[in-house]
There are 2 protein chains.
Amino acid sequence: MTTKRPYSALIDQLKTAGLRPTRQRLALAKLLFEGGNRHFTAEQLHAEAMGAEVRVSLATVYNTLHQFNDAGLLREVVVEAGRSYFDTNMDDHHHFYMEGSGELQDVDCDEVVLTALPDAPEGMKVSRVDVIIRLNPAND
Amino acid sequence: MTTKRPYSALIDQLKTAGLRPTRQRLALAKLLFEGGNRHFTAEQLHAEAMGAEVRVSLATVYNTLHQFNDAGLLREVVVEAGRSYFDTNMDDHHHFYMEGSGELQDVDCDEVVLTALPDAPEGMKVSRVDVIIRLNPAND
DNA sequence: CAAACCGTTTAGAATAGTTCTAGAAAGAAT
DNA sequence: ATTCTTTCTAGAACTATTCTAAACGGTTTG
Ligand SMILES: [Mn+2]
Ligand SMILES: [Mn+2]
Ligand SMILES: [Zn+2]
Ligand SMILES: [Zn+2]
């Protein structure tokens, strides 16, 4: 799956988001957006970048992830204190979380039907509803 | 509605949970279970204990909270990376989370109707389903 | 009521994950 | 090319939490 100009689409994506297409951002975007959707931590992505040809500092990985998050290119998922996960799947969806292994798995939004939600308190509006289905190994 | 419980009830509660009724555990249990339900962090509880007559170390607060959690006397709620909340309300319920102030508010479980949930993957069982409704100030 | 036993508490060190700092590097503008 | 500005980086700092190992204190035993 080689393309003649592999970076041009990524470059456009970054420019549209108001981010300069720097070496580091492009390399991370390539890792993140050229495969299927994924869940990962900053340190996992950093390790992956180090394993590839790109040398990027951990600080830059964090900066970039927050910038991509703010730009709507990915999102953060909170499932465990002291560990931030990021998610390249921007469709409306929810998650299975395997408490043992720390793995996340997507749950399509039509598999979780919320037929009733309370009104937000006065002066507040709902920004997002997260459903996390925590899983453990069945012991039988 | 404050329910005053004599120490003997707290002592029994701890013994039943397999925990020695030590000075520190009793003092924390008194702070936690003698008022209404509450959401709090370890550091908030520690500060509260210091403000009261009891001298307890922060490590003991963490130990005790985890022991109480394991014993089913309270539960942990994860809403933000790097910040653990605990919750004395053990009824099945969900939460509003005010992203600005970091405050949690209970949502009774019958206000969130989940009419469909996916089956857990092979070999896994659902341990808990958390619904977090994230709120922001309405800007109009 | 010792004395011993062993779970608990503690201060402080250690750790983990993330953010900050300030100088160097590299895009962009002129 | 020169300047201007944003971004990148190593390493320090920071925050929340856990660990360590010695002191403490409930509890059990004799
Ligand atoms: Mn991480
Ligand atoms: Mn806390
Ligand atoms: Zn996802
Ligand atoms: Zn609650």
Side-chain angles (χ1 to χ4, degrees), chain A residues 7-8 10-12 14-31 39-50 52-71 73-74 76-86 102, chain B residues 7-8 10-31 39-50 52-71 73-74 76-86 102 104:
Chain A
Y7 286 102
S8 68
L10 291 175
I11 290 174
D12 288 348
L14 292 179
K15 280 185 173 165
T16 302
L19 297 170
R20 281 195 198 165
T22 64
R23 231 188 287 292
Q24 294 84 348
R25 282 179 187 147
L26 270 171
L28 294 175
K30 197 165 157 59
L31 288 173
H39 304 104
F40 58 94
T41 65
E43 309 210 329
Q44 281 167 7
L45 180 61
H46 183 238
E48 195 176 331
M50 300 303 272
E53 76 286 353
V54 204
R55 214 199 50 116
V56 195
S57 76
L58 184 56
T60 296
V61 172
Y62 275 106
N63 288 341
T64 302
L65 288 176
H66 289 141
Q67 290 154 356
F68 284 9
N69 180 64
D70 294 347
L73 300 176
L74 51 75
E76 209 168 337
V77 183
V78 180
V79 282
E80 204 182 294
R83 224 189 208 180
S84 296
Y85 286 87
F86 295 86
Chain B
Y7 272 107
S8 68
L10 290 176
I11 290 173
D12 288 348
Q13 207 173 6
L14 293 180
K15 280 186 172 165
T16 301
L19 296 169
R20 279 195 199 165
T22 63
R23 234 189 284 295
Q24 294 84 347
R25 283 179 186 148
L26 271 172
L28 293 175
K30 198 164 155 60
L31 288 173
H39 304 106
F40 59 94
T41 65
E43 308 210 331
Q44 281 167 7
L45 180 61
H46 183 238
E48 195 177 330
M50 300 303 272
E53 77 287 352
V54 204
R55 215 201 47 118
V56 195
S57 76
L58 183 55
T60 296
V61 172
Y62 276 106
N63 288 341
T64 302
L65 289 175
H66 289 141
Q67 290 153 356
F68 285 9
N69 179 65
D70 294 347
L73 301 176
L74 50 74
E76 209 169 338
V77 184
V78 179
V79 282
E80 205 181 293
R83 225 189 208 179
S84 298
Y85 285 86
F86 295 86
L104 273 173

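Bear in mind the structure is a predicted one, so any value in this text is a computation, not a measurement. Every chain is numbered from 1, with letters handed out A, B, ... down the list of sequences.
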If every non-hydrogen atom of B:Glu76 is compared with every non-hydrogen atom of B:Ser84, which pair is closest and at what distance?
OE2-OG, 3.3 Å
For B:Ala81 and for B:Thr60, locate the closest nucleotide of DNA chain C by heavy-atom distance; then report the residue assigned to the nucleotide nearer the 5' terminus.
B:Thr60
Take atom OH of A:Tyr62 and atom P of C:dG17, then tell me their distance rounded to the nearest Å.
7 Å
Take atom CG of B:Asn63 and atom C1' of D:dT20, then tell me their distance rounded to the nearest Å.
12 Å
What is the minimum heavy-atom distance between A:Ala81 and B:Val78, and which atoms define it?
N-CG1, 3.7 Å
Over how many whole Å does the gap from B:Ile11 atom CD1 to D:dT27 atom C1' extend?
14 Å
For every nucleotide of nucleotides 22-30 of chain C, 5' to 3': is a protein heavy atom under 4.0 Å from its base (B), only from its sugar-phosphate (S), or from neither (-)?
-----SS--
Could you tell me whether the side chain of A:His66 and the main chain of A:Tyr62 form a donor-acceptor pair under 3.5 Å?
yes
Roughly, in whole Å, what's the span from CG in B:Leu65 to P in D:dT18?
10 Å
Output the distance between atom CZ (B:Arg25) and atom CD1 (B:Ile11), rounded to the nearest 0.5 Å.
13.0 Å
From CZ of A:Phe40 over to P of C:dT18, roughly how many Å is that when rounded to an integer?
12 Å
Measure the shortest side-chain to side-chain distance between B:Gln13 and B:Leu73 over non-hydrogen atoms and say whether it is less than 4.5 angstrom.
yes
Specify the separation, in whole Å, of atom CG of A:Leu26 and atom C1' of D:dT6.
15 Å
Rounded distance in Å - CG (B:Leu19) to P (D:dT27):
12 Å
Exactly one candidate in B:Asn63, B:Asp70, B:Asn69 meets side chain to side chain contact (heavy atoms under 4.5 Å, CB included) with B:Gln67; the answer is B:Asn63
Both A:Arg55 and B:Leu58 contact DNA chain D. Which one's nearest nucleotide lies toward the 5' end?
A:Arg55
Rounded to whole Å, CD of B:Gln44 lies from C1' of D:dT17 at a distance of 15 Å
Is the closest side-chain heavy-atom distance between B:Phe40 and B:Leu31 below 4.5 Å?
no
Look at all strands and tell whether A:His66 reaches a base, only sugar-phosphate, or nothing, counting heavy atoms closer than 4.0 Å.
sugar-phosphate
